[in-house]
Amino acid sequence: MIKEEKSILPLTRRIERGTTGICVEYTIEAISKPQYIHSAQTMGVRNTIEEQIMERLWHYPNGRLNLSFLSAAQDVEPRAYYGITVAYKTSPDYRFLSRIFAWLFNFSPDEALVAADFQRAYGSALGDHIFEKWRGYRMDLTKMIGYFGTDYEKGQKFFSLVMEKVVQYEERINTVRRSREPSFEPYSSISDDGEKEAGREASADACRSEPRGEAGAGACRTGKGNPCGAPAVAGGLDTSGPNAVAAP
């Protein structure tokens, strides 16, 4: 039984919350007491592991943790502590970067970063200076990152401006895509054959519901305009065909 549980490791997962722009993966490499492997996969343990990684992430993008947990009550009695060894690593999130570069290579004039954007973020003088850097670097994001260096505040303001334009670009693209999707009109009409069939059905219903006798003489009695396909009758008698009966 223990061998089957050990085969579950290593167990790799990805942190999805609070990691915009980066990909964070961690691997449970070992458990000190393999009989607690199922306890180690509970949502509570998973949340604790991810919280511990996120606390260290920005200072230590890659690393290894040794964490202790108390076994869940339903696992093995008596309850006991067990250790988990977790390795984690970070990398740029391609999905996020692809959004930025899609804007960079396809933006329209209305979606470009202009001097007014930099002035709004940095003030008039500094904004003009950074805008000239942006133009001088020919809109090269890597050179802008080199320019800001470890000045994370100014660098973050720059990428906040970039993301405003990315969102604006994506809204335009999504609008264009929706406009090109085929539109389906609600079903409000039928073909000519369908109209004829519907007319025959309506007339047949009228025939079936029409009162019989002298007071109810109509299309079905006289055969005039009889759309039902039934032989003409008089007083309820068949007056046509091989079984015709003379009308009284």
Side-chain angles (χ1 to χ4, degrees), residues 1-104 121-122 130 140-171 174:
M1 183 66 180
I2 291 179
K3 286 185 178 180
E4 294 178 356
E5 291 170 339
K6 283 185 177 179
S7 66
I8 297 175
L9 301 179
L11 181 63
T12 300
R13 292 193 175 104
R14 177 173 175 171
I15 300 179
E16 300 289 350
R17 299 172 299 168
T19 58
T20 301
I22 58 174
C23 175
V24 182
E25 291 182 340
Y26 66 93
T27 301
I28 299 177
E29 296 181 327
I31 290 183
S32 61
K33 298 178 181 179
Q35 63 267 35
Y36 296 122
I37 182 65
H38 297 297
S39 179
Q41 296 181 75
T42 61
M43 186 58 67
V45 171
R46 179 173 179 174
N47 289 340
T48 300
I49 291 174
E50 295 182 0
E51 289 170 3
Q52 291 292 320
I53 292 174
M54 293 300 292
E55 287 180 4
R56 295 165 170 77
L57 191 61
W58 301 111
H59 298 290
Y60 306 100
N62 302 286
R64 181 173 276 100
L65 300 174
N66 292 307
L67 304 173
S68 295
F69 295 92
L70 182 64
S71 66
Q74 66 269 25
D75 282 337
V76 179
E77 295 292 349
R79 298 179 69 188
Y81 284 93
Y82 61 93
I84 295 180
T85 300
V86 180
Y88 67 92
K89 62 181 180 180
T90 63
S91 60
D93 189 342
Y94 177 80
R95 295 174 301 180
F96 185 77
L97 292 177
S98 65
R99 294 176 58 199
I100 296 176
F101 283 95
W103 160 77
L104 188 62
Y122 298 100
I130 297 177
D140 189 323
L141 292 174
T142 59
K143 289 183 178 180
M144 290 300 292
I145 293 173
Y147 166 72
F148 289 115
T150 57
D151 194 335
Y152 300 119
E153 182 179 354
K154 289 186 175 65
Q156 188 58 58
K157 284 183 179 180
F158 169 72
F159 272 96
S160 294
L161 292 177
V162 168
M163 289 310 300
E164 288 179 9
K165 301 300 180 178
V166 169
V167 171
Q168 186 179 344
Y169 161 76
E170 290 174 339
E171 288 176 348
N174 290 334

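Below, all heavy atoms of this structure are taken into account, side chains as well, without hydrogens, waters or symmetry copies. Here, residue 1 is the first one in the sequence, and each next residue gets the next number.
Every residue two or more places apart in sequence or in another chain that forms a side chain to side chain donor-acceptor pair (under 3.5 Å) with E164 is listed here: R120. Residues passing the salt bridge (charged side-chain N to carboxylate O under 4.0 Å, His left out) test with K154 are D151, sequence neighbours excluded. Looking at residues two or more places apart in sequence or on another chain, you find a side chain to side chain donor-acceptor pair (under 3.5 Å) between Q52 and R56. With sequence neighbours excluded, the residues forming a side chain to side chain donor-acceptor pair (under 3.5 Å) with Y26 are E50, listed by chain and number. A search for side chain to side chain donor-acceptor pair (under 3.5 Å) contacts involving K157 returns nothing, not counting sequence neighbours.
The OG1 atom of T48 sits 12.0 Å away from atom CG of L65, with the distance rounded to the nearest 0.5 Å. In this structure, the separation between CG on L97 and CG on L104 is 11.5 Å, given to the nearest 0.5 Å. Atom NZ in K143 sits 13.0 Å away from atom CD1 in I145 (nearest 0.5 Å).
With a 4.5 Å cut-off on side-chain heavy atoms, I84 and V45 count as touching. In this structure the side chain of K89 never reaches within 4.5 angstrom of the side chain of T27, judged on heavy atoms. Between W58 and I22 the shortest side-chain heavy-atom distance falls below 4.5 Å.
Evaluation of the salt bridge (Lys or Arg N to Asp or Glu O under 4.0 Å) test over residues 95-104, restricted to residues two or more places apart or in two chains, returns D93-R95, R99-E170. A ring-ring contact (aromatic ring centres under 6.0 Å, His included) check over residues 143-168, counting only residues at least two apart or in different chains, returns the pairs W134-F158, F148-F158. Sorted by first and then second residue, the salt bridge (Lys or Arg N to Asp or Glu O under 4.0 Å) pairs involving residues 23-36 (not counting sequence neighbours) are E29-R64.
In this structure, G83 and S32 approach most closely via the heavy-atom pair N-OG, 2.7 Å. The two residues L70 and Y82 come nearest to each other via the heavy atoms C-CE2, 4.0 Å. Taking both residues in full, the closest heavy atoms of V166 and I100 are given as CG2-CA, 4.0 Å, listed atom of the first, atom of the second, then distance.
Summarising the local packing, CD of E153 is surrounded by 12 or fewer heavy atoms from other residues, nucleotides or ligands at distances under 6.0 Å.
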Review point. Going through the checks in order, is the side-chain contact (heavy atoms from CB on, under 4.5 Å) test met by Y88 and I49?
Key: CA-CA 10 Å; Y88 67 92; I49 291 174; over 6 Å; no
